[in-house]
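A short worksheet on the structure shown next.
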Amino acid sequence: MEIPYTISNRPDTGLWNAKIGIWLFLASEVMLFGGLFSAYVFLRLDSPPGLWPHGLLNVPVGTMNTAILIASSVTVVLAWAALKMRKYRAYWWYMLITILCGITFLVVKLAYEWPQKFEHFGIYIKQDRLEKYEPYLGNKHLAEKGLPPRLEISGHLHNHEALHDANVKEYEVALDPVNADPTNPAMDRPHFFYVPPTEKIGKIDKEDVERATMFLPTHSTYFATYFTITGLHGAHVLGGVLVFIYMWLPVSKKLYQRNPEHLANRVEVCGLFWHFVDLVWIFVFPLFYLL
Amino acid sequence: MNNPPDISQDPAEHEEYAHNVQKHVKGYLMVGGALLVCTGITVALSYVDFGSRKANIIVAMLVATFKAGLVGAIFMHLAAEKKLIYRVLIFTGFFVTVLFWLTYFAWYDPVAR
Amino acid sequence: MDASTSLPDTAGHHDPHDHHAEHEHHQLGWWRSYIFSTDHKVIGIQYGICGLLFLLMGFSLMMLMRWQLAYPGQALPGIGKALGHIFGPGTMDGGKMAPEFYNSLGAMHGTIMIFLGVVPVAFAAFGNFVVPLQIGAPDMTFPKVNAASFWAFAVGAAIMVSSFFVPGGAAKGGWTSYTPLSDLADKGAAYHPIFNGQTLWLLGFIFLITSSLLGAVNFITTIIQLRAKGLTWMRLPFFVWAQLVTAFLLLLAFPPLEAAIVMQLMDRLAATSFFLPTGLVVNGAQVHISGGGSPILWQHLFWFLGHPEVYVLILPAFGIVGEILANNSRKPLWGYKSLVFSVLVIGFLSFVVWAHHMWLTGMGATVSAFFQTTTLLISIPSVIILSAFFISLWGGSIRFNVPMLFSIAFLPMFGIGGLTGIPLAFNSADLYLHDTYYIIAHFHYIVAPGTIFGLFAGVYYWYPKATGRMMSEFWGKVHFWPSLICMNLIFLPMFLQGMLGMHRRWYDGGQGWTIGNEHVWGLSGFQWNTPISWAAWIMGLAQIPFIINFFWSIKHGEKVGSNPWQATTLEWDAPSPPPHGNFTSPPTAYRGPYEYSLPGRDGDFTMQSEPIEATERTKRKPAPETILA
Amino acid sequence: MSSCLALINEFLGQPPNASEHGYQIDHILEFAHWFMAALFVGWSAFFIFVLVRFRRSRHPTADHHGVKSGISTHLEFSVVLIEAVLLVGFAIPLWAKRVNQFPDTKDAILVHAVGQQFNWNFHMPGPDGQFGRRDVGLVTNTNPLGLDTADAAAKDDIVALGELHVPVDRAVIIELSSKDVIHNFALMNMRIAQDAIPGSQIPMWFKPIKTGSYEVICGQLCGLGHYGMKGMLVVDTPVDYQAWLKERAELGGTPTVPAPTDRPPGEPAGAGPTPGIIAPPGAPKTANPQAQPAASPSPSGE
Ligand code: HEA
Ligand code: HEA
Ligand code: CUA
Ligand SMILES: [Cu+2]
């Protein structure tokens, strides 16, 4: 006896097996990211004023990546439709574009966005020393406007030896524009385009420092959630790309010749997964880049 | 909008069938466009000050939900799916809401004096 | 709307994989057909044997702990020193158990019993072996995924067990792995950054969760898609319903824990602070982390799995017991519909009660009122199920064979465990009972003499289907009676210890505490440990007949036909053991699952696959089935 | 009435209650236990009867239909009803009282209890009623709470390690927190318990009505010394209490018991942060003789 309904529908459910399978899997995925996002909410609610950073991420790049994912989602359905219409060449091209989109997304994230963060340096000032660094923080100015205070001075670390050498008593940082010119109203809201650190060097005594790290997951619960969620999402993208590559290779051409509907079903299933990954990103993007 | 029907084994019907799918393709492209526009809108809105950050978050989430809806309904064919799948998703949706809401609620209502 | 719906399923023949599957049983060598098989029966048996061995292992760990509890600080005679060498320095030097080794054993006992023992046997093993047969399917919908699920489990289990032998030993934070404790544990000079107990526990879990998710997807799809012709939802055996709900619980409750585990891994490996608040001072030294995390978050995510998980432990047992009760009382399960309904309700409600494990975390009045209500609500369907089981026996003609013995023992045992859950549901009462041995007794009555007995019953019941031979009745009884007695000798006194106020996870067995030295029923709380421990060790001996019986019968058990118990459900139509593809011809179901002692028929059982004759239609009255009774 | 109810808890070994609200909690327990007992006995009787009456030898042919009456429905409803009564009538109001109606801080004793591996630190505001500032930066072995002695409010503060005295018949409000991991401040005789969670300060209150000294159990696994993490609550007569306050005040902000530093048995050398101070079980934490648990060998056999 063979396993029925691998390709055609079971009459009473009107579905073939893999279709149900993938939807169940996606259901569990919803719960997985649900767990992560509820953690995000929980931690964000817990964070005291000023401790949830804003505008640290590169919005245009994020936007571009969003667009790329959306585009790839479109090409996947098109690829599937092409198969339905039995146009293998079209399918092949759409699939190729999808794969390339996926890869670009990953490259941008891993080779550009993340490293850019890793080399950024953030210094949290002790509560009772904040006044001392008023010129970098401009908290009075913020207080007047009723905005949350700034507790962190960020930029590019000049004297890297400061990280491990105890004799070096202060950090020298090429300040971010925000800290270079804190009272400038333009700085109240995060910039749209990423602005590199200025030439202006800020000096911060180690005594006054609460914590100082690069923008790594350990930097703050914000970056912890950011790297964890985008990392997990990236893993999903990678998985999708790999499967797509398999279905784009000649192997699947053989399957197509044997039974086109079967290939179409597979593409549909992976497509569903891909759309879901896209869908997750649709929430990740505003939550981390914009808000 | 409906999904393209599965292709029939009978080649004779193939012509109008392919045509049928073609119609849907246009729809997919339009939705893709809509999504891109919405992305632009989300970004733009995040620079508009809606009074409080809360307000901004709510607005952004509304747009995001709308986009998610599009992807789900059209790309993932949820606009016209089988009952079974709806059932599964309804429960999942419910439980995920429970997870969000109750954890939030528990955070919101601690022992206090 | 589908053109192909109407067409016969011809397409399948073109599919390479089905082709492959078709040939499997002709061509595959020993390895492919017994080790890396994709046949649901083989996978089921693999799961079964591994799971049982892990049960034994978890039990053995506990027997060690019971020594420490009964004779704190005394060297374990005989094997003690040897164990010290096996587990390495700082565990049982000179046969004396060290505190953190006790904690390791406790945590691993819980983890192994639940995730490597009961879930694999109750869900994966019986689910894999029995469900496709009971619904008349040739196999699972995704045989390869099925195999993948088993191997993911194997890897996860290997990681868990190996964690005993890394420097510092296995995880020590309890099976609940509460943060910050488990975030901070197993760190520092003496530990490897990755190969340390807690980190391996987390890594192992990721595999176990993956395995469960793959399994769950497969089960649900199979039950939905591969039901035999005529096997409508209301004709499904109760066991299939139980497995379906269980699968959904695993599918939807595990992922949030997976998320939490990823976060704890980040905390441990990337120095994040998901679960670490600001300003921790550990052992006099300030911890340098960003802080801002929440210890309670872990508990929420853990118990969001944790509670559904406990129903994962019990529902399959319900299913097994139901089948066996019907079969051996030779009459239908009473109130089939209400049973199904209750199982569904349990499944649903178990997602909204988790915080009853967190009463003392500083929960406000509103939230706790909500969770108390849901927790009490969820006890109702259990009451209904148990009542239905009891009532099913009324008017039966009860055979007391070994599977039946274990099944009827299950009922009161679960009853005790369940009933003692009720005071815990009131957080003001739990104020007193929380974290005492009362809790331990509560859930052990459910999982040990409950679930474990259910599993034993299942093993004895389906063994002939899997092997074509019976297990020995006599040795079965030799297994049953001591087990039943010892179980109660072990867990009843724990209620007393709990009421005394003795707490769990006490390395010294309460010796050092005033309450531990107060007397109840003639013995001090601490002294009670001794009879409990002896009972546990004797129960260990009582398992030997089972183990021998189990393996001996494979070759030497009495040969039997395809339906030794004269049961009605579809699996008994297949030959024993069933060939690859299970059924010689696709079965069809014509009637409900439990057509025992139908009036006006000579045999006292009628198989689901027997067509309904014209004569019957007139004679037959429909069995009384109402939702709430 | 309630006394005969109470029998069941005593019968099960519950130690006597020593707090004002405690008897209410015991009532719920009693009620629940009688309820469970009734169900259990009832069902068991039915169960055994059925097993005997309908065994194969006695009843060779089964009846396909079995029970027809809806008796079980009534039974299930009564279960629902009783549970509902317990919940709405007792449990919910009781909890509300515990967490929403704290006694007035003017006539209550205010204490901060801070858990650490494996000990309890108590911090009392002293005469001025002001808690001195605490800062994790200042924590040392001799100043386990990191009390800022520079702070004026801290001058008269009382800090005690392991042992807390309170006067009888006065409400006590304990604000629980922890320095490292989650502990649980459990007072079985006071019928009160509450997690001590790092990063948050959770209040809990009770009113002792019997003098004596009671062990504080740590009811949450907190590492290898968990089993030995014992505090002592001494309920004094007002007079003794004043004496104790005086004695403490003279000692100033420093704890009496020098914070032990010995590593726990069998602990891998130089192991990470988790392990800490460990009290061997049975080791008395207080001068108070009643508090001495029956002497017993330390679990590590020495
Ligand atoms: C399979 C496992 C299982 C099951 C089914 C249950 C069932 C229930 N559990 Fe249990 N529970 C656990 C496993 C389980 N539990 C575990 C493992 C823990 C500890 C976790 C840890 O901290 O390590 C725990 C802890 C636990 C707590 C937390 C206690 C604490 O930590 O402070 C609570 C609190 O509400 C609770 C309540 C309940 C309730 C109300 C039920 C109800 O669903 C019970 C309903 C059943 C009945 C009401 C019985 C009905 C039967 C009859 C009426 C017939 C009687 C007939 C005869 C006796 C002959 N449980
Ligand atoms: C499914 C879950 C499960 C099961 C079955 C058991 C079974 C048992 N448990 Fe378990 N226990 C837990 C889950 C379980 N436990 C959990 C979650 C905890 C909390 C851990 C923590 O603190 O974090 C705990 C804690 C716990 C404690 C408290 C420890 C402490 O707090 O310090 C104790 C104390 O006695 C105990 C004892 C026992 C005993 C005597 C059994 C016995 O009933 C054992 C019975 C087992 C068998 C009879 C095995 C039979 C199997 C075979 C013989 C296989 C045969 C093999 C082949 C045929 C191949 N357990
Ligand atoms: Cu502190 Cu356990
Ligand atoms: Cu629970």
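All values derive from a computational prediction rather than experimental measurement. Excluded from the calculations below are hydrogen atoms, water molecules and symmetry mates; all remaining heavy atoms, backbone and side chain alike, are included. Numbers restart at 1 for each chain; the letters A, B, ... are given by sequence-line order, proteins then strands.
- Contact check for D:Pro15 versus C:Glu518: side-chain heavy atoms found under the 4.5 Å cut-off.
- At a 4.5 Å heavy-atom cutoff, D:Tyr214 makes no contact with chain C through either its backbone or its side chain.
- Within the 4.5 Å cutoff, side-chain heavy atoms of D:Gln220 are placed close to those of C:His434.
- Of the N and O atoms on the side chains of D:Glu83 and C:Ser379, at least one donor lies less than 3.5 Å from an acceptor on the other residue.
- Only the side chain of D:Ile202 comes within contact range of chain C, with at least one heavy atom under 4.5 Å from a heavy atom of that chain.
- Between the D:Gln14 side chain and the C:Leu500 main chain, no donor and acceptor come within less than 3.5 Å of each other.
- Here the closest heavy-atom approach between residue C:Ser597 and residue D:Ala62 is recorded as OG-CB, 3.5 Å.
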Would D:Leu29 and C:Leu433 count as a side-chain contact (heavy atoms from CB on, under 4.5 Å) if you check the C-alpha gap in whole Å, the side-chain angles of each, and the deciding distance to 0.1 Å?
CA-CA 10 Å; D:Leu29 267 176; C:Leu433 297 173; 3.7 Å; yes
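- Looking at D:Leu187, neither its backbone nor its side chain comes within 4.5 Å of chain C, counting heavy atoms on both sides.
- What you find for C:His503 and D:Ala186 is that their closest heavy atoms are NE2-CB, 4.0 Å.
- Counting only heavy atoms from C-beta outward, the side chains of C:Leu431 and D:Trp95 approach each other to under 4.5 Å.
- With a 4.5 angstrom heavy-atom cutoff, D:Phe90 does not touch chain C via any of its atoms.
- Under the 4.5 Å side-chain criterion, counting only non-hydrogen atoms from C-beta, C:Leu393 is in contact with D:Leu51.
- Proximity to chain D involves both the backbone and the side chain of C:Asn427, based on heavy atoms less than 4.5 angstrom apart.
- Side chains of C:Tyr178 and D:Val181 form no contact here, defined as non-hydrogen atoms less than 4.5 Å apart.
- For the pair C:Trp334 and D:Val67, the tightest heavy-atom approach, listed with the atom from each and the gap, is NE1-O, 2.8 Å.
- Within the 4.5 angstrom heavy-atom criterion, no atom of D:Ala196 approaches chain C.
- The heavy-atom pair separating D:Leu94 from C:Ser428 by the smallest distance is CD2-CB, 3.8 Å.
- Heavy atoms of D:His74 lying under 4.5 Å from chain C are absent altogether.
- A side-chain donor-acceptor contact under 3.5 Å links D:His59 to the backbone of C:Gly396.
- With a threshold of 4.5 angstrom between heavy atoms, D:Thr61 approaches chain C through N, CA, C or O but not through any side-chain atom.
- Here the side chain of C:Trp521 pairs a donor or acceptor atom with the backbone of D:Phe11 at under 3.5 angstrom.
- If you measure heavy-atom distances from D:Pro60 to chain C, the contacts under 4.5 Å come from the backbone alone.
- Contact of D:Ile182 with chain C is made through backbone and side chain together, with heavy-atom distances under 4.5 Å.
- Residue D:Leu87 touches chain C through both its backbone and its side chain, counting heavy-atom pairs closer than 4.5 Å.
- Ring planes of C:Phe390 and D:Phe46: perpendicular class, angle over 60° (limits at 30 and 60°).
- Checked for salt-bridge contact, D:Lys230 and C:Asp508 miss the test: no charged N lies under 4.0 Å from a carboxylate O.
- Both the backbone and the side chain of D:Arg55 come within less than 4.5 Å of a heavy atom of chain C.
- With a threshold of 4.5 angstrom between heavy atoms, D:Phe40 approaches chain C through its backbone and through its side chain.
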When you look at D:Met36 and C:Thr420, which way does the side-chain contact (heavy atoms from CB on, under 4.5 Å) test go after all the steps?
CA-CA 7 Å; D:Met36 287 146 59; C:Thr420 49; 3.5 Å; yes
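- Looking at D:Ile8 and C:Met499, their side chains never come closer than 4.5 Å, going by heavy atoms from C-beta outward.
- The shortest non-hydrogen separation linking D:Leu221 to C:Lys172 is CD2-O, 3.6 Å.
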Go through the steps for C:Asp435 and D:Asn184 under the test side-chain contact (heavy atoms from CB on, under 4.5 Å), then give the verdict.
CA-CA 10 Å; C:Asp435 223 60; D:Asn184 179 294; over 6 Å; no
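- When all heavy atoms of C:Val281 and D:Asp180 are compared, the pair lying nearest together is O-CB, 3.6 Å.
- Options C:Gly284, C:Gly106, C:Pro295 differ in how many heavy-atom pairs under 4.5 Å they form with chain D, and the most are formed by C:Pro295.
- For C:Phe400, the part lying near chain D is the side chain, with the backbone staying farther off; criterion is any non-hydrogen pair under 4.5 Å.
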Let me see the working for C:Gln286 and D:Val139 under side-chain contact (heavy atoms from CB on, under 4.5 Å), right down to the final yes or no.
CA-CA 8 Å; C:Gln286 208 170 337; D:Val139 171; over 6 Å; no
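- With a 4.5 Å cut-off on side-chain heavy atoms, C:Pro99 and D:Tyr227 count as touching.
- Between D:Phe47 and C:Ile408 there is a side-chain heavy-atom pair separated by less than 4.5 Å.
- Options C:Gly362, C:Gly174, C:Ser294, C:Gly169 differ in how many heavy-atom pairs under 4.5 Å they form with chain D, and the most are formed by C:Gly362.
- Judged by distance alone, the side chain of D:His64 and the main-chain N or O of C:Tyr596 form a donor-acceptor pair under 3.5 Å.
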